[in-house]
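Notes follow once the structure below has been shown.
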Amino acid sequence: MTTEPRTEIERYRPNEVEPRWRERWERDRLYRTPDHVDGRPNRYHLTMFPYTSGDLHAGHWWAMAPSDTFARYYRMRGYNVLFPMGFDAFGLPAENAAIKGGAHPKDWTDLNIARMRGQLKTIGTMFDWEREVNTSSPDYYRWTQWWFAQFFKHDLAYRKHAAANFCPSCNTTLANEQVIGGRCERCDTAVEQREMEQWFFRITQYADELLANDALEWPEHVKLMQRNWIGRSEGAEAAFRLDPPAPDGTAELRVFTTRPDTLHGVTFMVLAPEHPLVAALVTPEQRAAVDAYVEQTRRTTEIERQSTEREKTGVFTGAYCVSYLTGERVPIWIADYVLATYGTGAVMAVPAHDQRDFEFARKFGLPIKVAVSPPAWTGGELSEAFLGNGPLVNSGSFDGEPSEQAKQSITDRMLASNRGGPRVQYRLRDWLISRQRYWGAPIPIVHCDDCGPVVVPDDQLPVELPYDVEFLPTGQSPLSLSEAFVNTTCPDCGRPARRETDTMDTFMCSSWYFMRYPDPHNSEAAVSRARTADWLPVDQYTGGSEHAVMHLLYARFFYKVARDLGIVPGDEPFTRYFSQGQILGPDGRRMSKSRGNVVAPDDQVQRWGADTFRAYLMFLGPWDQGGPYDVDGIVGVSRWLHRVWTVVIDPPALVDRPEGDDARELRRLVHETGLRVTRDLEHFAFNTMLAALMELTNHLQRLRDAGEADASAWNEAIERLVLMLAPPCPHVAEELWARIGRPYSVHQQSWPEFDAALARRDTIRIPVQVNGKVRAHIEIAADADEATAQAAADADERIQELVAGKQVRRVVYVPGRLLNIVVT
RNA sequence: GCCGAAGUGGCGGAAUGGCAGACGCGCUGCGUUCAGGGCGCAGUGAGGUUUAUCCUCGUGUGAGUUCAAAUCUCACCUUCGGCACCA
């Protein structure tokens, strides 16, 4: 292949092009988003804001480059797209950095924000920085506190005792992350569970509504995970009479069961070791064993406890109870497979029909009594629990009833005698929002000896986080050491009172930030009705799959509360959600500094340019899957952009030959590519979108090397290529747009229209199969009918050979796809 | 353990019932005075021999449905995400 000698052309220099355009865009406020633009409908795109952990890493680019590409595409489609950014700035790492001897959490965080904002700008996103939010700023957390007050006023916040991890040596509460194998990560001391009074939000009140997520345009697996997390189950609550009554006077024990039909198979009861009745019920002889077991349970994580494969453990309390329905007296045990946080914290054990109860009964020699007959059961011993349905046996007057019916009739009987009744139970628990930490929004409550807990009035918010506070672990929330903070007066009665010293879970800050962007500087309201009506709900949310359950569930909860307050439209915050996978280090493991596998985006940008890095991240693979970052492959994308540069600024000789085969094929390919790119963009298939653009570029390169091309087809191809390049690679697209003499800015142009009729091929090549194996190919008209295809196949020598002397059983013709001849 | 997802060349991946391996990396060969992580052309899943527009095998493992399975069904294995105080 000989190439005509050419004069030296100007090279593509991303590090010259990119900063120049970013400065221009910023100077022109190109990405400022007004609340209304005539003729452009509003559309709200949102990508999860980052935690202010320090430097931006490749994962941030992985999250933001595709979502920016998507937002830019919609901007070109004629929408007024809001695409804001901010910082999730409260949290444990800031405090850890401070304790390690670094800066104050606020200084550390502010420094990180400044650095990250600068780095984020180098991605070349269309974020409207005039709407930035920072959850640790008093202007923001004032309103987080306002939210708490709303929950409090609407009886959605309450206090109760709850356990927290506590390190007796460091004298501080620990996050789950800080507990390694039951020990403190800093000093290796065994971690205890310490009970304290904490605040909860009644998310369970919205459980049924949160469960109804069918209509959301979210990935099905995310909706499924949320439904399983909420875990609705219907069953019954049943009361049992304590015999004798507990020394504290308690007369009944209540349990939740999904199998009231098996009530006659109950042979013992099991309480969670933390159950409040345990201390009262235990007999003196059993006390030592029970105390030891309770202590042991405190050191076991909930995940371990739920393992169905673990050897069952437990201790007899010495107490008994009697079933109101059967009159049978059964022993009461405690075991860690029963969780205090689910149901009533107690179960009626039916070893014949529950595998965990079965294993427990086997181990401790407790009786196993069949209440539902397995198929063809002859009264023998079971080798495992029978979980199915069947006719009741050993169940008195209920004998013979099918279990589905017996569930109802036994529940009815309990209800009639006021000994229980139907009950719906959720796996979802109320949301514990108290944190015994410094770097969070203070809970706006004042404790008054006379008035009890009083919420701080709105006009006294924010309750400011004091700067000068000792964070060293003292066994108390750091805020409790600040006399100036703690001592106040009761907003109701004016007498001396003490402030709440716990702060709020940072998930609260991130549960409403998307409602703030529409009016981020409003000093009169957290969210203003007028602006939320303009923008909410979010049309497209994107973010990491690790947030698929908790963050998204909390945000939906907040939104429903906001709806009930009348401040947002609709019932759901995120109409569409796309969950991206996680980018891993080159070694296939999660990027972390300690592993030394962090891909620093700044280095990549310095070396290759932001557009190349953006495109490479999108080219790596499907966005919802994530995967390892292969450092070497980026050169391919770099080469591609250099090729694009070359074909645009140094075209072949342009001639007037619009009806030539080359021109027709180029035009066809441009429209085919455009349709592929458009479809792929709308499906978040950025990798195949870029592959399609590469194919078009390669074709243009071949035409360029051939020396000449039809002017109209070439110019149309180049213009559309640059327009399609604008969302994924905004800088180089802007530069090339200017170089082909088009008016600034490419980002204010419309997405081109592509025509399926122009993209169609006249003739196609399809495979001919014999018995499902490809044996030949035929060239036929794209819309050929079966007879035509059959005739073309019959004309093929190989097909003739393979079919000769055989019986044709069937011919399958899929137009445009294949012809399959089935012979015997 | 429970809930969810994913397993395809040396590597990232494409194909979502219809030609497995698009696009790219890497590698091999050829060409090019190519100093700026060059450029162009050809080849590149494994095996076979009659070297072809050929044959056989091949998408984690095992079974099944279908004219046709990477794709659907069942069972299993492995890896990843979440499990309520990391965010």
Side-chain angles (χ1 to χ4, degrees), chain A residues 1-3 11 13 48 50-51 53 88 90-93 96 164-165 173-179 219-222 224-229 231 301-310 341 427-437 505-507 510 544-551 553-554 579 581-582 584 588 590 607-608 616 619-622 624-630 632-640 642-643 646 685 687-688 690-695 698 701 705 765-769 771-774 776-777 796 798 809-812 814 816-822:
Chain A
M1 174 96 234
T2 55
T3 307
R11 286 178 54 84
R13 296 177 198 282
M48 291 178 188
Y51 176 70
S53 53
D88 187 17
F90 274 137
L92 184 66
N96 283 342
N165 301 312
T173 301
L174 298 178
N176 287 343
E177 189 191 50
Q178 299 173 292
V179 180
E220 285 305 319
H221 74 267
V222 172
L224 185 58
M225 276 192 282
Q226 292 214 346
R227 287 196 288 267
N228 290 339
W229 180 267
T301 69
E302 222 165 76
I303 289 173
E304 285 176 273
R305 287 173 62 173
Q306 287 172 79
S307 168
T308 49
E309 290 203 341
R310 218 165 123 253
T341 46
R427 204 186 74 93
L428 179 70
R429 313 199 288 252
D430 275 342
W431 176 9
L432 192 167
I433 59 114
S434 296
R435 298 290 181 270
Q436 298 73 46
R437 303 249 177 71
D505 180 3
T506 54
F507 267 123
S510 54
S545 52
E546 70 274 23
H547 293 298
V549 177
M550 296 182 65
H551 161 65
L553 200 64
Y554 292 144
S579 141
Q582 277 185 33
L584 306 172
R590 217 172 156 157
R607 204 155 150 186
W608 304 101
Y616 182 53
F619 184 65
L620 268 177
D624 56 350
Q625 278 177 34
Y629 181 88
D630 169 26
D632 297 321
I634 192 169
V635 68
V637 172
S638 176
R639 285 174 190 152
W640 167 57
H642 277 92
R643 276 202 299 279
T646 305
N687 55 334
T688 49
L690 290 166
L693 289 175
M694 286 176 185
E695 286 179 52
N698 292 346
Q701 172 95 355
D705 289 346
R765 201 173 107 98
I766 63 164
V768 180
Q769 298 183 335
N771 286 345
K773 286 186 197 294
V774 178
H777 287 90
D796 186 280
R798 283 192 50 74
R809 293 280 174 208
R810 188 171 170 185
V811 174
V812 180
V814 183
R817 286 295 195 173
L818 57 41
L819 183 74
N820 186 13
I821 303 166
V822 184

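Chain naming here is simple, since letters A, B, ... match the order of the sequence lines and numbering starts at 1 in each. Keep in mind that the numbers below use all heavy atoms, side chains included, and drop hydrogens, waters and symmetry copies.
- Taking only side-chain nitrogens and oxygens, A:Gln625 never comes nearer than 4.0 Å to OP1 or OP2 of B:G13.
- Distance A:Gln226 CD to B:C3 C1': 12 Å, rounded to the nearest Å.
- For A:Glu695 (side chain) and A:Ala692 (main-chain N/O), no donor-acceptor pair under 3.5 Å exists by modelled atom type.
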Report, as a single string ordered 5' to 3', how protein heavy atoms within less than 4.0 Å touch nucleotides 23-28 of chain B: B base, S sugar-phosphate only, - not at all. BSSS--

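- To the nearest whole angstrom, the two C1' atoms, one in B:G18 and one in B:U71, are 11 Å apart.
- A:Asn687 has a side-chain polar atom (N or O) that falls below the 4.0 Å cut-off from OP1 or OP2 of B:A14.
- Distance noted for atom C1' between B:A14 and B:G45: 15 Å (whole Å).
- Taking 4.0 angstrom as the limit, A:Asn228 places a side-chain polar atom (N or O) nearer than this to OP1 or OP2 of B:G4.
- Here the P atom of nucleotide B:A42 and the CG atom of A:Asp705 are 11 Å apart, to the nearest Å.
- With rounding to whole Å, A:Met48 atom CE is found 13 Å from B:G82 atom P.
- Taking the nucleotide of RNA chain B with the nearest heavy atom to each of A:Asn820 and A:His777, the more 5' of the two is matched to A:His777.
- Heavy atoms of A:Arg227 sit nowhere under 4.0 angstrom from any nucleic acid atom.
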Return the polar atom pairs (N/O with N/O) between nucleotides 83-87 of chain B and the protein under 3.5 Å, or none.
unit_1: B:A84; atom_1: N6; unit_2: A:Arg427; atom_2: O; d: 2.8
unit_1: B:A84; atom_1: N1; unit_2: A:Arg429; atom_2: N; d: 3.0
unit_1: B:C85; atom_1: OP2; unit_2: A:Arg435; atom_2: NH2; d: 2.9
unit_1: B:C85; atom_1: O4'; unit_2: A:Arg435; atom_2: NE; d: 3.2
unit_1: B:C85; atom_1: O4'; unit_2: A:Arg435; atom_2: NH2; d: 3.4
unit_1: B:C85; atom_1: O3'; unit_2: A:Asn176; atom_2: N; d: 3.3
unit_1: B:C85; atom_1: O2'; unit_2: A:Asn176; atom_2: N; d: 2.5
unit_1: B:C85; atom_1: O2'; unit_2: A:Asn176; atom_2: OD1; d: 3.1
unit_1: B:C85; atom_1: O2; unit_2: A:Arg437; atom_2: NH2; d: 2.2
unit_1: B:C85; atom_1: N4; unit_2: A:Gln198; atom_2: OE1; d: 3.2
unit_1: B:C85; atom_1: N4; unit_2: A:Gln436; atom_2: OE1; d: 2.9
unit_1: B:C86; atom_1: OP2; unit_2: A:Asn176; atom_2: N; d: 3.4
unit_1: B:C86; atom_1: OP2; unit_2: A:Glu177; atom_2: N; d: 2.7
unit_1: B:C86; atom_1: O4'; unit_2: A:Glu177; atom_2: OE1; d: 3.2
unit_1: B:C86; atom_1: O4'; unit_2: A:Glu177; atom_2: OE2; d: 3.3
unit_1: B:A87; atom_1: OP1; unit_2: A:Leu92; atom_2: N; d: 3.0
unit_1: B:A87; atom_1: O3'; unit_2: A:Asp88; atom_2: OD2; d: 2.3

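- With A:Arg427 contributing its side chain and A:Trp229 its backbone, the two residues share a donor-acceptor pair below 3.5 Å.
- If you take CE of A:Met225 and P of B:C80, they are 17 Å apart, rounded to a whole angstrom.
- To the nearest 0.5 angstrom, A:Leu620 atom CG is 9.0 Å from A:Asn687 atom CG.
- Spacing between B:G43 and B:U50 at atom P, rounded to whole Å, works out to 25 Å.
- Between A:Gln226 and A:Leu553, the closest heavy-atom pair is OE1-CD1, 3.4 Å.
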Give the intermediate values and the outcome of side-chain contact (heavy atoms from CB on, under 4.5 Å) for residues A:Asp505 and A:Trp431. CA-CA 10 Å; A:Asp505 180 3; A:Trp431 176 9; 3.0 Å; yes

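- Classified by interplanar angle (parallel below 30°, tilted 30° to 60°, perpendicular above 60°), the ring pair A:His547/A:Phe507 is perpendicular.
- A straight line from CG of A:Leu818 to C1' of B:G17 spans 11 Å, rounded to a whole angstrom.
- Of the side-chain N and O atoms in A:Lys773, one or more sit less than 4.0 angstrom from OP1 or OP2 of B:C57.
- At least one donor-acceptor pair closer than 3.5 Å links the side chain of A:Asn820 to the backbone N or O of A:Gly772.
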Yes or no on side-chain contact (heavy atoms from CB on, under 4.5 Å) for A:Val768 and A:Ile766, after CA distance, side-chain angles and deciding distance? CA-CA 7 Å; A:Val768 180; A:Ile766 63 164; 5.6 Å; no

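- Straight-line distance between the C1' atoms of B:A87 and B:A69: roughly 42 Å, to the nearest whole Å.
- A:Arg765 comes within 4.0 angstrom of a nucleotide base, judged by non-hydrogen atoms across all strands.
- With both ends at atom P, the span from B:G7 to B:U59 equals 14 Å, rounded to whole Å.
- Of the N and O atoms on the side chains of A:Arg643 and A:Asn698, at least one donor lies less than 3.5 Å from an acceptor on the other residue.
- Between A:Arg11 and B:G37 there is a side-chain N or O to OP1 or OP2 distance below 4.0 Å.
- Nearest heavy atom pair, residue A:Met48 against residue A:Gly544, reads SD-N, 3.8 Å.
- Across all strands shown, A:Val774 has heavy atoms under 4.0 Å from sugar-phosphate atoms exclusively, and none from any base.
- Helical stems in RNA chain B, defined as runs of 3 or more consecutive Watson-Crick or G-U wobble pairs with both donor-acceptor distances under 3.5 Å, are listed by first residue as B:1-7 with B:77-83, B:10-12 with B:23-25, B:26-32 with B:38-44, B:45-48 with B:54-57, B:60-64 with B:72-76.
- A donor-acceptor distance shorter than 3.5 angstrom exists from the side chain of A:Thr646 to the backbone of A:His642, with no hydrogens or angles considered.
- For A:His642 and B:G36, the NE2 to P distance is 11 Å, given to the nearest whole Å.
- The C1' atoms of B:U66 and B:U73 are separated by 12 Å, rounded to the nearest whole Å.
- In this structure, A:Arg435 and A:Leu432 approach most closely via the heavy-atom pair NH1-O, 3.2 Å.
- In this entry the base of B:G7 is anti relative to its sugar, with a glycosidic angle more than 90° from 0.
- Rounded to whole Å, atom P of B:C19 lies 17 Å from atom CG of A:Asn771.
- We find that CG of A:Leu620 is positioned 8 Å from P of B:G13, with the value rounded to whole Å.
- As judged by a 4.0 angstrom heavy-atom cut-off over every strand, A:Gln701 is placed among residues touching the sugar-phosphate backbone only.
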Would A:Tyr616 and A:Leu690 satisfy side-chain contact (heavy atoms from CB on, under 4.5 Å), going step by step from the backbone distance to the final call? CA-CA 9 Å; A:Tyr616 182 53; A:Leu690 290 166; over 6 Å; no

